[in-house]
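Take a look at the structure set out below.
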Amino acid sequence: MADNNDFDVADSRREYTRGGLRRADLPAAPQPLFEHWLKQACEAKLADPTAMVVATVDEHGQPFQRIVLLKHYDEKGLVFYTNLGSRKAQQLASNSRISLLFPWHMLDRQVIVLGQAERLSTFEVVKYFASRPKDSQIGAWVSHQSSRISARGVLESKFLELKQKFSQGEVPLPSFWGGFRVSVESMEFWQGGEHRLHDRFIYQRDVADKENGWKIDRLAP
Ligand SMILES: Cc1cc2nc3c(=O)[nH]c(=O)nc-3n(C[C@H](O)[C@H](O)[C@H](O)COP(=O)(O)O)c2cc1C
């Protein structure tokens with residue numbers, strides 16, 4: 001690797017001074033805290049505050065990651081949309097275990113989710129697809145995501161062809177497009193602290209706890 005005297009990655013570090021996360025401030029379930037942090041990420045004008053790194057594994061146990069946008073969340077889980085023929089969707093079809101990471105490091109934070117991904121119903125997908133701008137709907141038709149293509153021109157000519165085809169009326173939902181809901185089994189909140197004494201709390205589903213349904217532990221940074 002080339003030697004770079006101007007910048008040594010090993011020297012890249014900073015202090016995290018935005019304040020901590022204390023057990024007394026934690027809600028009984030993770031969703032309100034996630035919502036609060038997401039709201040603050042939006043208010044802080046982070047680029048793509050809803051972007052999350054989605055990790056799946058293939059049949060050899062090889063992990064893959066990519067950024068995807070969160071489109072909905074509630075107590076049932078976190079929702080994203082994608083091409084059902086894509087690499088991620090194929091991997092999820094044979095192994096539904098998934099991890100999501102919200103990289104809010106500009107705010108000295110990250111949130112890590114572990115869970116199971118389940119395909120959304122066609123009803124839910126149609127509803128969301130109908131809300132997208134027309135060009136994005138056409139774009140979904142154009143791209144057989146993660147397949148090999150010879151040149152960009154293939155996409156551009158297909159886009160123009162389909163724009164013409166769908167110039168009148170609504171764009172139908174492609175059968176190869178859909179979404180997943182990630183049911184949360186654990187959610188870890190990481191807040192950077194001074195002198196590397198970061199705060200980490202993990203919520204884990206606890207069926208034995210009838211009142212709250214979540215167990216909360218502090219993890220060493
Ligand atoms: C900011 C950003 C947002 C993205 N949002 C999505 C998305 O919502 N859905 C999606 O399928 N791909 C999205 N992508 C593209 C994915 O990162 C990825 O390239 C694509 O889904 C194919 O991944 P796969 O081959 O692992 O299935 C996004 C990429 C970036 C950088």
Side-chain angles (χ1 to χ4, degrees), residues 34-35 37-74 76-107 109-156 158-159 162-163 166 171-184 187:
F34 174 77
E35 192 164 337
W37 280 23
L38 177 62
K39 189 163 168 264
Q40 289 184 327
C42 295
E43 284 165 1
K45 305 256 182 297
L46 297 190
D48 303 318
T50 58
M52 52 190 187
V53 179
V54 175
T56 53
V57 289
D58 73 6
E59 68 274 25
H60 306 294
Q62 168 66 56
F64 287 76
Q65 297 168 292
R66 74 291 283 163
I67 292 175
V68 163
L69 297 181
L70 174 73
K71 288 295 170 186
H72 179 75
Y73 66 92
D74 56 28
K76 285 190 285 173
L78 301 145
V79 169
F80 67 88
Y81 292 89
T82 193
N83 184 300
L84 299 175
S86 67
R87 190 172 51 185
K88 74 181 90 49
Q90 288 182 27
Q91 291 174 353
L92 288 171
S94 50
N95 181 351
S96 59
R97 300 220 56 84
I98 192 165
S99 175
L100 313 174
L101 185 147
F102 291 85
W104 295 325
H105 50 91
M106 297 291 283
L107 300 177
R109 286 172 176 171
Q110 64 180 343
V111 172
I112 302 168
V113 174
L114 301 185
Q116 297 266 5
E118 190 190 9
R119 280 264 304 272
L120 296 177
S121 67
T122 309
F123 176 75
E124 285 174 281
V125 177
V126 167
K127 202 165 146 217
Y128 173 70
F129 189 77
S131 75
R132 302 183 88 201
K134 194 164 186 178
D135 280 357
S136 304
Q137 293 175 332
I138 295 171
W141 273 99
V142 168
S143 174
H144 289 274
Q145 198 178 55
S146 314
S147 63
R148 285 177 171 71
I149 52 172
S150 54
R152 184 179 170 83
V154 177
L155 296 176
E156 287 172 354
K158 186 95 183 153
F159 184 81
L162 288 168
K163 210 170 157 84
F166 295 130
V171 180
L173 173 71
S175 60
F176 53 82
W177 200 86
F180 290 88
R181 171 174 285 106
V182 177
S183 58
V184 179
M187 195 177 262

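Because the structure is a prediction, the values reported are computed rather than measured. One-based numbering, in listed order, for ligands and for the atoms of each.
- The ligand atoms of ligand 1 that sit less than 4.0 angstrom from a heavy atom of T82 are 10 (C), 11 (O).
- The aromatic rings of W177 and Y81 sit parallel, their planes meeting at an angle under 30°, below the 60° perpendicular limit.
- For ligand 1 and S146, the ligand atoms under 4.0 Å from any heavy atom of the residue are 22 (C), 24 (P), 25 (O), 27 (O).
- Side chains of K88 and T82: a donor on one and an acceptor on the other come within 3.5 Å.
- If you look at Q145 next to ligand 1, the close heavy atoms, those under 4.0 Å, all belong to the side chain.
- Within the listing of ligand 1, atoms 7 (C), 8 (O), 9 (N), 10 (C), 11 (O) sit less than 4.0 angstrom from a heavy atom of Y81.
- Counting protein heavy atoms only, atom 16 (C) of ligand 1 is closest to I67 O, 3.1 Å.
- Centroid-to-centroid, the aromatic rings of F102 and F34 come within less than 6.0 Å.
- V68 CA, 3.7 Å is the protein heavy atom nearest to atom 6 (C) of ligand 1.
- Within the 4.5 Å cutoff, side-chain heavy atoms of H144 are placed close to those of F176.
- Nearest protein neighbour of atom 8 (O) of ligand 1, counting heavy atoms only, is L69 N, 3.1 Å.
- The residue among M52, K88, R66 with a heavy atom at the shortest distance from atom 26 (O) of ligand 1 is R66.
- With S99 contributing its side chain and V113 its backbone, the two residues share a donor-acceptor pair below 3.5 Å.
- A search for salt bridge (Lys or Arg N to Asp or Glu O under 4.0 Å) contacts involving D48 returns nothing, not counting sequence neighbours.
- Scanning all protein heavy atoms for the shortest distance to atom 1 (C) of ligand 1 gives D48 OD2, 3.6 Å.
- Taking the six-membered ring for Trp, F159 and W141 have ring centres at least 6.0 Å apart.
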